[in-house]
Protein chains: 2
Amino acid sequence: MTIPARCSTCPVRSAALCGKISDDAANALSRVMHRVRIPAGRVIYGAVEQPNSFAILVSGVVKLVITKPDGRQQIVGLQFPSDFVGRPFADGSTLSAEAATTLELCCCSGRAFENVLRDYPELERALLKRLVSDLDGARNWAFLLGRTTAQEKVASLLYVIADRMARSVVRGCQERPCALGLSLPLSRMEMAECLGLRLETVCRQITQLKSRGVISTMGRRAFDVLDMHELKQCAANATAVLDEAV
Amino acid sequence: MTIPARCSTCPVRSAALCGKISDDAANALSRVMHRVRIPAGRVIYGAVEQPNSFAILVSGVVKLVITKPDGRQQIVGLQFPSDFVGRPFADGSTLSAEAATTLELCCCSGRAFENVLRDYPELERALLKRLVSDLDGARNWAFLLGRTTAQEKVASLLYVIADRMARSVVRGCQERPCALGLSLPLSRMEMAECLGLRLETVCRQITQLKSRGVISTMGRRAFDVLDMHELKQCAANATAVLDEAV
DNA sequence: CGGGTCGTTGACTCGAATCAATATAGGTGG
DNA sequence: CCACCTATATTGATTCGAGTCAACGACCCG
C-alpha cells in the first residue's frame with residue numbers, strides 16, 4: 001500500500017512527522033487529517049478554547065506567545081513549515097499559538113490523533129523525538145534572551161527566518177540562500193516581542209545591519225540577506241564583528 | 001505482583017515517572033534501575049560523553065546549562081527531586097547537565113531504558129507528558145529572561161526553589177512552607193547564570209528583599225521565606241509592589 | 001588562626017528603554 | 001489612478017536599570 005497522492009505531492013512531507021513513519025502509519029494518519037487555511041492573526045490554541053487539535057504546518061508561520069495578566073507578552077517560539085503544531089495532553093498553560101501569517105495546516109481533532117497514536121507506537125516515538133528537539137529549541141531561545149546583545153538577537157532572528165524560509169521556499173538549494181527576496185513573517189513589534197526588546201531597538205539594529213551591508217530591506221515585509229556568513233557572525237558574536245569593523 | 005520494597009519506600013515515587021505507570025511497568029523499570037550517588041559539580045551528560053543514561057532524581061538539584069564557545073553560559077533549567085534526567089534520542093546539542101549539589105539518582109543505561117520503553121507504551125506516554133511539561137517550563141523560563149526586571153527574576157527563582165525544595169523536604173505540609181530554613185542549592189554566581197544577570201545584581205536584589213522583610217538568609221547556602229505571599233507578588237509584578245511600598 | 005573563596009557594597013559607565021517627532025508604506029475612497 | 005489617511009516604521013534626545021570595575025567583608029577550609 002502506498003501513500004495517498006495528496007501526501008506524495010506535499011511539499012513538507014519529507015521533513016514533517018508524517019515523513020518519519022512507515023507508509024502504513026502515514027496512511028492511517030492521512031485518513032483523519034485534512035487541509036485547512038487559516039487567516040493571519042487567528043488564535044490556533046490558547047488559554048480559552050479547549051477542543052485541542054493537532055496539525056502539521058504546510059505553509060506560513062505560527063508564533064507561540066505567553067501573555068501575562070499585566071499585558072506583557074513574550075513570543076517564546078516560532079513554527080515553520082513541516083513543524084508540528086499542537087499540545088498533546090495539554091495541561092492548560094498560559095501559552096497560546098497564533099497565526100503570524102496566513103497558514104495552510106494539515107490538521108485533525110485531538111481525539112482522532114490520539115487514536116492513531118495508540119495504534120502506531122512508531123508515531124508516538126516520532127512525536128517524542130520532535131518534542132525533544134522542540135525542547136532544545138526552547139532552551140536555545142532562552143539562551144538568546146538571557147545572554148546576548150540586541151545586535152545578536154536581531155541577527156539571530158533574521159538568520160533563523162532566512163534559514164527556515166529559504167528551506168521551505170527553494171527546496172534543493174542547500175548552498176547559499178542569498179539575494180532571494182525573503183518575506184518577513186513578522187512586524188517590527190512582533191520581532192521585538194520575540195527578542196525581549198522594544199521595537200525601536202529592533203529598528204536601530206536593522207538599520208545598522210543594513211548600513212554594514214549584511215542585509216537589505218524592501219518595504220515592510222521583505223528582506224534580503226546579502227552576506228549570509230556575516231549575518232551568522234553577527235548572530236554568534238556581535239562584539240567580535242564590531243571589533244573588526246573598527 | 002506488587003512493586004519492590006525499595007520503591008514503595010522511595011520518597012519521590014508518587015511524583016515521579018515510575019509512579020504514573022502500572023505496577024507491572026514499574027516493576028520492569030525497577031529491574032533495570034539502581035541508585036547512585038553523585039558528587040556536586042559532576043557533569044551528568046554533555047557535549048562530550050555519549051553513553052547516554054536516564055535517571056529519576058531522588059534528591060539534590062541538577063542544572064541544565066548551555067555554554068557557548070566564547071565562554072558565555074546560561075542555565076536554562078533546574079531539575080528537582082522526582083524530575084526525569086536525561087535526553088532520550090539526543091541529537092548531541094550544546095546542552096549539558098551538571099550536579100548543582102550532591103545527588104541521589106535512580107538510574108539506568110539508555111539501552112535498558114529504551115527496551116522497557118518499547119515493551120510498555122504507557123511508559124512512553126508518561127514520558128511524553130513529562131516532556132510536554134518540561135517544554136512549558138522552558139518557555140516560561142524564556143518569558144522570565146525576556147520580559148522581567150532583575151527584581152522579578154530573583155524573586156521568581158527563590159520562589160521556585162522554596163516551592164520545590166519544601167515540597168521534597170516536608171511532604172504533607174501543603175499549606176505555607178514558611179520559616180523552614182531552606183537550603184539554597186545554588187551559589188550567587190549560579191543564580192546569576194540562571195537569570196541572565198551578573199552576580200552583583202543578584203546580590204543587590206537579595207539585599208533589597210531582605211530589607212523589605214520578604215526573606216532572610218543564614219550563611220551562604222540557606223535562606224528563609226518570611227512572607228511567601230509577598231515573594232510571589234514580587235515575582236509576578238515587582239513594579240506594583242514597589243508602588244505600594246512608596 | 002590564617003588564607004582564600006565567595007559574597008556584599010559603592011562609584012561610575014553603558015546599552016537599551018522611554019519619550020517624542022517625523023517619515024514611509026500601503027490601503028481606501030474619491 | 002491618484003490623493004489622502006492611518007498604520008507602521010524610523011530617527012533623535014534623554015533617562016534609567018543593569019553592567020562593570022574596584023574595594024571591602026564574611027564565611028569556610030585547612
Side-chain angles (χ1 to χ4, degrees), chain A residues 39-41 70-74 100-101 144-158 181 183-211 215-223 234 237-239 241-243, chain B residues 39-41 71-74 100-101 144-158 183-211 215-223 234 237-239 241-243:
Chain A
D70 63 4
R72 282 183 291 188
Q73 286 197 332
Q74 174 69 50
T101 66
L144 188 71
L145 290 170
R147 287 290 161 192
T148 62
T149 61
Q151 175 81 225
E152 290 169 299
K153 284 175 182 159
V154 172
S156 297
L157 181 61
L158 291 176
S183 89
L184 188 61
L186 306 172
S187 68
R188 297 290 185 271
M189 183 62 186
E190 287 170 319
M191 293 179 71
E193 281 171 1
C194 278
L195 301 170
L197 300 170
R198 297 290 141 171
L199 73 153
E200 296 96 321
T201 305
V202 172
C203 260
R204 284 185 238 273
Q205 297 305 331
I206 287 178
T207 304
Q208 264 199 46
L209 288 171
K210 282 201 287 187
S211 70
I215 60 167
S216 69
T217 61
M218 300 87 81
R220 290 173 178 177
R221 291 293 190 126
F223 74 110
C234 292
N237 198 342
T239 51
V241 171
L242 285 173
D243 286 347
Chain B
R72 282 182 291 187
Q73 285 197 334
Q74 173 70 49
T101 66
L144 188 70
L145 290 171
R147 288 289 161 194
T148 61
T149 62
Q151 174 82 227
E152 290 169 298
K153 283 174 181 159
V154 172
S156 297
L157 181 60
L158 291 175
S183 89
L184 188 61
L186 306 172
S187 68
R188 296 290 185 272
M189 183 62 185
E190 288 172 317
M191 292 179 71
E193 281 172 0
C194 278
L195 301 170
L197 299 172
R198 298 290 142 171
L199 71 149
E200 295 95 324
T201 305
V202 172
C203 262
R204 285 184 238 274
Q205 296 305 332
I206 287 178
T207 303
Q208 264 199 45
L209 288 171
K210 282 201 287 187
S211 70
I215 61 167
S216 69
T217 60
M218 301 86 84
R220 290 174 178 175
R221 291 291 190 129
F223 74 110
C234 291
N237 200 341
T239 51
V241 171
L242 286 173
D243 286 346

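Order of the sequence lines sets the chain letters (A, B, ...), proteins ahead of strands, with each chain counted from 1. Treat the numbers as computed from the prediction; the structure is a model and nothing was measured. Computed over heavy atoms, backbone and side chain alike; hydrogens, waters and symmetry mates excluded.
- Formation of a donor-acceptor pair under 3.5 Å by the A:Gln205 side chain with backbone atoms of A:Val202 is not found in this model.
- A donor-acceptor pair is defined here as one N or O able to donate and one able to accept, closer than 3.5 Å; no such pair exists between the side chain of A:Arg220 and the backbone of A:Ser187.
- Base pairing annotation: D:dC27 forms a Watson-Crick or G-U wobble pair with C:dG4, both donor-acceptor distances under 3.5 Å.
- The nearest whole Å value for the distance from the CZ atom in A:Phe223 to the C1' atom in D:dA9 is 17 Å.
- Across the protein-nucleic acid pair, B:Leu199 atom CG and C:dT9 atom P stand 13 Å apart, rounded to whole Å.
- In this structure, the CE atom of A:Met218 is 17 Å from the C1' atom of D:dA9, given to the nearest Å.
- Judged by closest nucleotide on DNA chain C, B:Lys210 is the one of A:Arg221 and B:Lys210 placed further toward the 5' end.
- Straight-line distance from the NZ atom of B:Lys153 to the C1' atom of D:dA18: 9 Å, rounded to whole Å.
- In this structure, A:Arg72 contributes its side chain and B:Arg147 its backbone to a donor-acceptor pair below 3.5 Å.
- Applying the 90° cutoff around 0 to the glycosidic angle, C:dA25 is assigned anti.
- Residue B:Arg198 places at least one side-chain N or O closer than 4.0 Å to OP1 or OP2 of D:dT20.
- Judged by distance alone, with hydrogens and angles left aside, the side-chain atoms of B:Gln74 form a donor-acceptor pair with the main-chain N or O of B:Glu193 at under 3.5 Å.
- Between B:Thr201 and D:dA18 there is no side-chain polar atom (N or O) within less than 4.0 angstrom of OP1 or OP2.
- A donor-acceptor contact closer than 3.5 angstrom is absent between the side chains of B:Gln208 and B:Ser211.
- Nucleotide C:dG30: paired with D:dC1 (Watson-Crick or G-U wobble, both distances less than 3.5 Å).
- Remark: P of C:dA17 and CZ of A:Arg204 are 9 Å apart, rounded to the nearest angstrom.
- Position along DNA chain C of the nearest nucleotide to A:Glu200 versus A:Gln205 favours A:Gln205 as the more 5'-ward residue.
- Between the CG atom of A:Leu195 and the P atom of C:dG15 there is a distance of 18 Å, rounded to whole Å.
- Between B:Glu152 atom CD and D:dG17 atom C1' the separation is 13 Å, expressed in whole Å.
- On a pure distance criterion of 3.5 Å, a polar donor-acceptor pair joins the side chain of B:Arg220 and the base of C:dC6.
- Protein atom CG of B:Leu184 is 13 Å distant from nucleotide atom P of D:dC28, rounded to whole Å.
- Looking at heavy-atom distances under 4.0 Å, A:Leu197 makes contact with sugar-phosphate atoms alone, never a base.
- Set against C:dG7, D:dT10, D:dA18, the side chain of B:Arg188 has C:dG7 as its closest nucleotide.
- Closest to the B:Cys203 side chain, of the nucleotides C:dG7, C:dA16, D:dC21, is C:dG7.
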